[in-house]
There are 2 protein chains.
Amino acid sequence: MGFVDLLPQEAEAEARGIAKVMAVFGRHGYERVRPPLLEFESSLLSGAGEALSEQSFRMLDPSSHRMMALRPDMTTQIARIAEVRLKDLPRPLRLSYSGDCVVIGTPGREGERQIAQAGIELIGPDSAQADAEVIALGAEALQAMGIEHISFDLSMPVLVWTLIDESFAGTVRDNLIHALDRRDAAAVAEQGGELADLFLGMMNAAGPAERALELLDTLTFPERLKGHVARLKETVRAVLRRVPEVHVTVDPIDFRGWRYHTGVCMTVFALHCREELGRGGRYRAGAEDACGLTLHPQALLRVAPPLSKTLRCMVPAGLSKKDLSSLHEAGYATVAALDDEADLKESARHLRCSHIWQDGVAVAL
Amino acid sequence: MGFVDLLPQEAEAEARGIAKVMAVFGRHGYERVRPPLLEFESSLLSGAGEALSEQSFRMLDPSSHRMMALRPDMTTQIARIAEVRLKDLPRPLRLSYSGDCVVIGTPGREGERQIAQAGIELIGPDSAQADAEVIALGAEALQAMGIEHISFDLSMPVLVWTLIDESFAGTVRDNLIHALDRRDAAAVAEQGGELADLFLGMMNAAGPAERALELLDTLTFPERLKGHVARLKETVRAVLRRVPEVHVTVDPIDFRGWRYHTGVCMTVFALHCREELGRGGRYRAGAEDACGLTLHPQALLRVAPPLSKTLRCMVPAGLSKKDLSSLHEAGYATVAALDDEADLKESARHLRCSHIWQDGVAVAL
């Protein structure tokens with residue numbers, strides 16, 4: 001049914017992972033906000049949130065007799081907080097958040113319906129430096145969790161959407177979208193009309209950042225897209241400067257994802273298994289420019305090194321606070337006998353302890 | 001509507017408070033579990049959960065066409081995890097949890113409908129030492145948040161309920177419950193029949209623990225309650241031994257709260273403002289004995305000392321990772337200029353920074 005229990009190891013790993021990620025955001029000046037799990041439908045699913053409407057659980061509030069929705073995503077909530085509650089704080093406004101979201105999922109594929117999110121939003125500036133800061137902090141957060149080999153894939157969905165929306169309609173439009181989605185060069189050539197060469201050139205440019213930048217330079221974009229293309233390049237260059245150790249790819253043809261994005265979009269993957277670790281991009285938060293990145297803690301945990309095992313020391317009932325504190329400071333969790341008469345060694349084995357308190361010190365079992 | 005945003009100060013304080021409390025539980029061997037926000041109604045609101053049914057938001061799952069409920073409380077979820085998922089782990093089983101719950105609330109008084117919880121369950125043993133461990137860890141968790149002046153109020157609702165259920169019916173029963181609830185001695189004397197003296201004696205015994213223990217010794221309980229009374233006394237003595245610095249009161253007449261409790265119950269208050277900080281007690285987790293305590297992080301934050309202000313240091317664009325790390329290690333959050341040309345001092349003031357990076361060090365503004 002997609003709503004699962006996390007048991008001790010997993011639950012602890014999730015909590016620590018989120019704490020590490022949030023600590024990275026916090027030390028770079030991103031301040032935490034915590035929007036509610038539920039909001040009135042009219043508030044949560046309006047504007048940019050409309051795109052998420054189909055994925056939202058709804059329920060009647062018996063108190064107000066209005067419909068409420070469980071959040072399927074937090075970005076639109078953070079945008080609302082910035083626009084309404086924090087409108088008087090100076091910009092750039094740097095906010096961070098973590099929490100659970102709930103999506104309806106696809107019938108038959110409800111594997112994960114409660115989704116943890118941890119992310120940042122940089123609200124106000126519209127610049128390549130701002131994009132690069134968001135990506136650099138994402139990389140640092142992943143490194144803090146011990147995830148080293150990552151790839152940021154940058155795209156600019158507004159390029160493809162603008163070309164499609166302005167020049168295609170009806171069946172041709174649908175066919176073209178389908179062809180682009182499958183990256184079917186022959187079909188794109190057939191359906192793309194005058195823009196076929198451009199589409200194919202963009203498709204061909206997809207790949208490692210340096211190469212993509214070179215190939216983009218050889219393409220001729222319509223005048224009205226030149227600003228977007230220049231900005232994509234500028235952001236890529238800023239990212240390469242800031243996090244030279246991170247693998248960066250560019251995919252100018254990518255147009256999937258949520259349609260509220262208005263500029264550069266990014267997806268971050270673990271290189272060795274192509275697991276998607278997070279995504280984000282540039283959008284409008286009310287009347288403001290914003291760029292955000294959301295990491296998926298559950299995915300992070302699948303690729304992060306496992307937690308080192310907690311040292312557990314069995315201690316007798318009534319051990320002094322001083323002795324307990326010294327064990328805690330040394331990194332032990334203590335497990336106290338409840339019965340004065342307990343055979344400590346036997347209890348320790350029974351209760352999965354690694355150590356036992358003996359003659360004033362922790363002794364390995 | 002009772003679903004509120006937490007803004008930067010509050011959100012950070014809540015997250016840090018929960019982390020502190022959970023760290024105390026963890027270092028005493030309580031392992032974290034994380035049940036889901038939603039469950040099928042049939043699972044969440046059955047058994048002990050039935051008592052919470054009225055307070056639960058329900059919604060249709062479009063995927064399974066079954067009704068789901070948002071959890072109004074986590075204790076019953078933890079009991080389910082212990083009984084089903086962790087049935088093979090040895091007992092005593094020590095579990096901790098934190099998360100948000102959602103209640104419908106009272107019409108017109110929906111002030112807090114999303115309620116954070118952080119708590120522990122000690123599953124398996126049924127002993128005064130187990131009760132005392134739960135209370136002692138609650139006290140330590142509060143101390144870790146800087147909350148010093150607290151009172152644990154202990155009760156044994158099964159005493160009053162047994163007396164009422166066995167000897168009263170109809171209007172007299174209702175009147176008696178009402179009288180006991182208001183602590184109206186005259187009405188209790190009038191409605192209490194043969195048990196009036198016992199009820200009045202129990203009412204009179206309510207107060208500081210030492211005095212309550214003495215007065216309880218002077219009362220004659222029916223044979224079948226003597227075990228419960230002895231256990232209440234034993235638990236009180238165990239608590240006084242373990243946390244002598246904590247104020248403890250006993251209220252033998254208290255019978256409010258959730259009816260799933262089968263033994264000693266506790267409520268913890270901040271002494272100077274009588275704010276309820278948490279509650280718990282002994283109950284049956286499936287076929288097992290269990291004792292739990294749930295703290296309310298939102299209430300804790302109202303009485304805890306405020307967070308010390310974060311030091312924020314404005315730094316130029318492109319400051320080296322080494323310099324950034326040294327600032328972070330010294331406890332600063334850094335706020336980076338996005339523009340190379342920025343007037344750092346002006347930006348620092350504008351962005352609420354306390355310090356500015358100048359000649360290789362953080363200088364107070």
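Residue numbers begin at 1 in each chain, while the letters A, B, ... track the order of the sequences. This structure is a prediction, so every number in the text was calculated from the model and none was measured.
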B:R94 vs A:V335, side-chain contact (heavy atoms from CB on, under 4.5 Å): CA-CA, chis, key distance, verdict: CA-CA 9 Å; B:R94 291 168 164 98; A:V335 177; 3.3 Å; yes
Chi angles and distances behind the side-chain contact (heavy atoms from CB on, under 4.5 Å) call for A:F57, B:D61: CA-CA 8 Å; A:F57 275 99; B:D61 175 14; 3.9 Å; yes
As a quick check of understanding, evaluate side-chain contact (heavy atoms from CB on, under 4.5 Å) for B:M59 and A:L70, giving each step before the final call. CA-CA 10 Å; B:M59 71 216 77; A:L70 260 172; 4.0 Å; yes
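Looking at B:E245 and A:K321, a side-chain N of the basic residue comes within less than 4.0 Å of a carboxylate O on the acidic one, giving a salt bridge.
By the 4.5 Å heavy-atom criterion applied to side chains, B:T334 and A:R27 are not counted as neighbours. For the pair B:H28 and A:H328, the minimum side-chain heavy-atom distance is below 4.5 Å. Using a 4.5 Å heavy-atom threshold, the side chains of A:P36 and B:R113 count as separate. Inter-residue side-chain proximity for B:V33 and A:P8 is flagged as met; some heavy-atom pair is nearer than 4.5 Å.
From B:L338, atom CG reaches atom CG of A:D126 across 11.5 Å, with rounding to the nearest 0.5 Å. One distance of note links CG of B:D100 with CG of A:L38; it measures 10.5 Å at 0.5 Å rounding.
With respect to chain B, the highest number of heavy-atom pairs below 4.5 Å among A:D339, A:D340, A:L122, A:L89 belongs to A:L89. Between chain B and the residues A:A333, A:A132, A:C353, the most heavy-atom pairs under 4.5 angstrom are made by A:A333. Between chain B and the options A:P90, A:G26, A:P62, heavy-atom pairs under 4.5 Å are most frequent for A:P90. Of the residues considered (B:R66, B:E140, B:E14, B:Q114), B:Q114 shows the highest number of contacts with chain A, using heavy-atom pairs under 4.5 Å. When the candidates A:A336, A:G331, A:S347, A:S127 are compared by the number of heavy-atom contacts under 4.5 Å with chain B, A:A336 comes out ahead. Interface remark: of the candidates A:A317, A:G29, A:C313, A:S98, A:G29 forms the most heavy-atom pairs closer than 4.5 Å to chain B. Ranked by heavy-atom pairs under 4.5 Å with chain B, the list A:Q9, A:R242, A:R91, A:M22 is led by A:R91.
By the side chain to side chain donor-acceptor pair (under 3.5 Å) test, A:D5 pairs with B:R80, B:R85, sequence neighbours left out. Every residue meeting the salt bridge (charged side-chain N to carboxylate O under 4.0 Å, His left out) condition with B:E31, not counting sequence neighbours, appears here in chain and number order: A:R312, A:R352.
Proximity to chain A (any heavy atom under 4.5 Å) is restricted, for B:I81, to the side chain, taken from C-beta onward. Contact of A:E133 with chain B is made through the side chain alone, with heavy-atom distances under 4.5 Å. If you measure heavy-atom distances from A:E10 to chain B, you find no contacts under 4.5 Å at all. Residue contact with chain B, scored on non-hydrogen atoms closer than 4.5 Å, involves the backbone of A:Y332 exclusively. Both the backbone and the side chain of A:L37 come within contact range of chain B, judged by heavy atoms closer than 4.5 Å. With a 4.5 angstrom heavy-atom cutoff, A:L327 does not touch chain B via any of its atoms. Within the 4.5 angstrom heavy-atom criterion, no atom of A:A19 approaches chain B. Residue A:R241 does not touch chain B at all, counting heavy-atom pairs closer than 4.5 Å. Heavy atoms of A:P35 lying under 4.5 Å from chain B belong to its backbone as well as its side chain. Neither the backbone nor the side chain of A:V315 comes within contact range of chain B, judged by heavy atoms closer than 4.5 Å.
Side chain of A:R34 to backbone of B:V4: a donor-acceptor contact under 3.5 angstrom is found.
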